[in-house]
Amino acid sequence: MPGNIFEVALGHQSLFVERAIFDARHTPNNLPHREAQIEAMVLNLVDALRGHIPSNMILYGATGSGKTAVSRHVLNQLSEQAAELDRRVHPHEVNCRHVNTRYRILQSIATSLELHGDQSIPFTGWPADRVLKEMLDRMERSGGVHVIVLDEVDLLTGPSGDSLLYDLTSLNTLLNQSRCSLIGISNDLHFVERLPASVRSRLAHEDIVFDPYDSGQIHDILSQRASDGLQKNVLDQGVLRLCSALAAQEHGDARRALELLKASVQKAEHDSSKTVTVAHMRAAQHQLEFDQIGATIRTLPLHQKLVLLAVLINEANGLKAVSTGLVCETYRQATKHMRLEPLTNRRISTLLNDLDQIGLVTARNVSLGRGGRTKLVVSRIPVGINAVKVMVSAEPLLEDAAEARYRLQESL
DNA sequence: TGTCCACTGGAAGGGAGGGCTT
DNA sequence: AAGCCCTCCCTTCCAGTGGACA
């Protein structure tokens, strides 16, 4: 008589003790190799506990260099200490990748201060200035010091972003009962240079730089998390060293290293293995790469998929680098096949830049003399991933266009 | 050395769509 | 219902560009 289908799975002993320790949201109490940055933040933010206004700060550093984790850790500690001293400190964290317009950022901060009986602010509809006023009112009412963290602040571009940063850096001139300090977190060292002078001088009072972790430092971070989050002696020799070395190659990205270690342990569990081997890690690495790129491709808008398809079709026909003109031409044929209105060349040029930005292609500007100026586009999708198949599975309409073009090219 | 090509990329603005206020 | 605000996606216009070629 077969038992419950979950019974067997429950019977397996997990290699994890605490899986959450490997999550991106997890903020550890101990952040190795970030003592200097923590100290710099503390020296500045301690003013909030003395009733003064901490200077605005910008934390710079590559992805996975610990900026967000350090900022969360420091703010958690600040809130704890404030509670102990009966001071009011209100941290607000906004990720500008997800919340990326002036309106929505103001709305998000104001909503975090919403009290029972307050009118809730809609996602859209109000004039932005009204949202700003509402946010100021709520800040005044709650008093104390507000610390606003703008994660990935470099993604706030254009007049709307400048205007928001202007608003936020001017808050202290409008507030009477409370104070405000701003922390920007940026991957881009040159972000501040693009800001208008009026904002730049007020935002960048203190810069804290997070150098990428080297292989040894990532090893320390992984060892610590492994000892907190995994059963004893489940990692084969060499696993941590390989994982750290791979992450160090990828610009010292500790987040990626943790993700890889977690995926490797899951692979081992899937194989009902009692230990995690280098082979599990290699398999996990492939899996992560496939998942990441596959998800990116699947979520592209239709025309962007067609532009990528145009690049891949030309590459499949032996071209190593494709010019913008050729991409446009192939793209137009595909849209004609699908009975779609094609976008303009200008728009395609921007879509190619976007594909370059998200890492699916490399688009390099070159001049071919009398052949004119153009971009040479090369796909960056690893050989093992069938991007056309991924696109077709997400957008079945593309199947005909993809196949028709292949047949056309084969017959040439 | 000037010309020319095939673009690039900034700026401005149109229009659709979603949501709120009056 | 009309008017307003905001965002997003897109087009149009156009000055600028790098380097081969005459």
Side-chain angles (χ1 to χ4, degrees), chain A residues 94-111 114 118-138 150 152-168 188 190-191 193-196 296 299-311 314 319-336 338-358 360-378 395 397:
Chain A
V94 181
N95 187 308
C96 305
R97 178 177 297 275
H98 306 124
V99 184
N100 54 6
T101 62
R102 177 177 180 236
Y103 183 97
R104 290 200 183 138
I105 289 172
L106 295 173
Q107 190 246 9
S108 156
I109 299 169
T111 300
E114 189 174 306
D118 279 343
Q119 186 184 8
S120 62
I121 305 171
F123 283 113
T124 171
W126 283 14
D129 287 343
R130 183 177 166 195
V131 184
L132 175 65
K133 187 176 174 302
E134 184 65 31
M135 185 189 83
L136 277 166
D137 287 348
R138 292 182 185 183
L150 297 175
E152 305 200 61
V153 67
D154 46 314
L155 297 180
L156 288 180
T157 50
S160 162
D162 293 348
S163 158
L164 171 85
L165 292 174
Y166 185 84
D167 291 339
L168 295 182
D188 177 2
H190 304 289
F191 147 74
E193 292 163 20
R194 296 196 302 264
L195 294 174
T296 312
T299 53
L300 294 175
L302 175 62
H303 284 276
Q304 200 151 19
K305 283 196 187 89
L306 280 166
V307 172
L308 180 61
L309 182 66
V311 175
N314 282 292
L319 285 176
K320 287 209 169 65
V322 195
S323 69
T324 309
L326 195 50
V327 173
C328 291
E329 182 50 37
T330 312
Y331 159 84
R332 256 192 301 277
Q333 288 186 34
T335 53
K336 196 174 161 193
M338 294 173 70
R339 298 204 175 87
L340 289 173
E341 261 316 294
L343 302 177
T344 57
N345 290 2
R346 173 69 189 86
R347 181 68 189 139
I348 292 172
S349 180
T350 302
L351 291 182
L352 281 172
N353 285 344
D354 292 348
L355 287 174
D356 179 291
Q357 195 98 65
I358 55 181
L360 291 177
V361 304
T362 302
R364 187 168 49 93
N365 286 338
V366 291
S367 175
L368 305 172
R370 286 224 159 163
R373 251 185 109 208
T374 185
K375 266 196 255 286
L376 286 182
V377 186
V378 183
E395 201 92 54
L397 272 175

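Just so it is clear: chains get the letters A, B, ... in the order the sequence lines come, proteins before strands, and each one is counted from 1.
- Taking A:E134 as the reference, A:I121, A:W126, A:R138 meet the side chain to side chain contact (heavy atoms under 4.5 Å, CB included) condition, with sequence neighbours excluded.
- For B:dG9, the OP1/OP2 oxygens have a side-chain nitrogen or oxygen of A:N353 closer than 4.0 Å.
- Computed from coordinates, the A:L352 CG to B:dG9 P distance equals 10 Å when rounded to whole Å.
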I'd like a table of donor-acceptor pairs (distance under 3.5 Å, sequence neighbours excluded) in which one partner is a side-chain atom from residues 341-349 of chain A, with atom names and distances.
residue	atom	partner	partner atom	Å
A:T344	OG1	A:R347	N	3.3
A:N345	OD1	A:R332	NH1	3.0
A:R346	NH1	A:T350	OG1	2.7

Every protein N/O within reach of nucleotides 18-20 of chain B N/O, cut-off under 3.5 Å:
residue	atom	partner	partner atom	Å
B:dG18	N2	A:T124	OG1	3.3
B:dC20	O3'	A:W126	NE1	3.3

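- For A:K375 and B:dA6, the shortest distance from a side-chain N or O to OP1 or OP2 is not below 4.0 Å.
- For A:D167, the salt bridge (charged side-chain N to carboxylate O under 4.0 Å, His left out) partners at least two apart in sequence or on another chain are A:R102.
- Interatomic distance, A:I105 CD1 to A:L132 CG, rounded to the nearest 0.5 Å: 12.5 Å.
- With sequence neighbours excluded, the residues that form a side chain to side chain contact (heavy atoms under 4.5 Å, CB included) with A:V366 are A:R364, A:L368, A:T374, A:L376.
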Would you tabulate the side-chain donor-acceptor contacts of residues 300-311 of chain A under 3.5 Å, counting partners in other chains and residues two or more places apart, or write 'none'?
residue	atom	partner	partner atom	Å
A:H303	ND1	A:Y331	OH	2.7
A:Q304	NE2	A:L351	O	3.3
A:K305	NZ	A:R298	O	3.2
A:K305	NZ	A:L300	O	2.8
A:K305	NZ	A:E395	OE1	3.0

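- Of the possible donor and acceptor atoms, one in the side chain of A:D356 sits under 3.5 Å from a partner among the backbone N and O of A:A363.
- Atom CZ in A:R364 sits roughly 16 Å away from atom P in B:dC7 (whole-Å rounding).
- The distance from atom CD of A:Q107 to atom P of C:dC6 is 14 Å, rounded to the nearest whole Å.
- Within 4.0 Å of A:N345, counting heavy atoms only, lies no atom of the nucleic acid at all.
- The side-chain hydrogen bond (donor to acceptor under 3.5 Å, both in side chains) test applied to A:D354 returns no partner, not counting sequence neighbours.
- Among the duplex regions that DNA chain B forms, those built from at least three successive Watson-Crick or G-U pairs under 3.5 Å are B:1-22 with C:1-22, ordered by first number.
- For B:dA6, neither phosphate oxygen OP1 nor OP2 lies less than 4.0 angstrom from any side-chain nitrogen or oxygen of A:T374.
- Between the NE2 atom of A:H303 and the P atom of C:dC9 there is a distance of 12 Å, given to the nearest Å.
- What separates CD1 of A:I348 from P of B:dA6 is a distance of 17 Å, to the nearest Å.
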| task | Would you give a per-nucleotide map of nucleotides 12-22 of chain C, 5' to 3', where B means the base has a protein non-hydrogen atom under 4.0 Å away, S means only the sugar-phosphate does, and - means neither? | result | BB--BBBBBB-
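- Applying the side chain to side chain contact (heavy atoms under 4.5 Å, CB included) test to A:N95 and every residue at least two apart in sequence or in another chain returns A:R97, A:H98, A:D151, A:E152.
- Here the OG1-CG distance, from A:T296 to A:L360, works out to 6.0 Å after rounding to the nearest 0.5 Å.
- Nucleotide C:dC5 holds its P atom 18 Å from the CD1 atom of A:I121, rounded to whole Å.
- Remark: A:D137 engages A:K133 in a side chain to side chain contact (heavy atoms under 4.5 Å, CB included) (not counting sequence neighbours).
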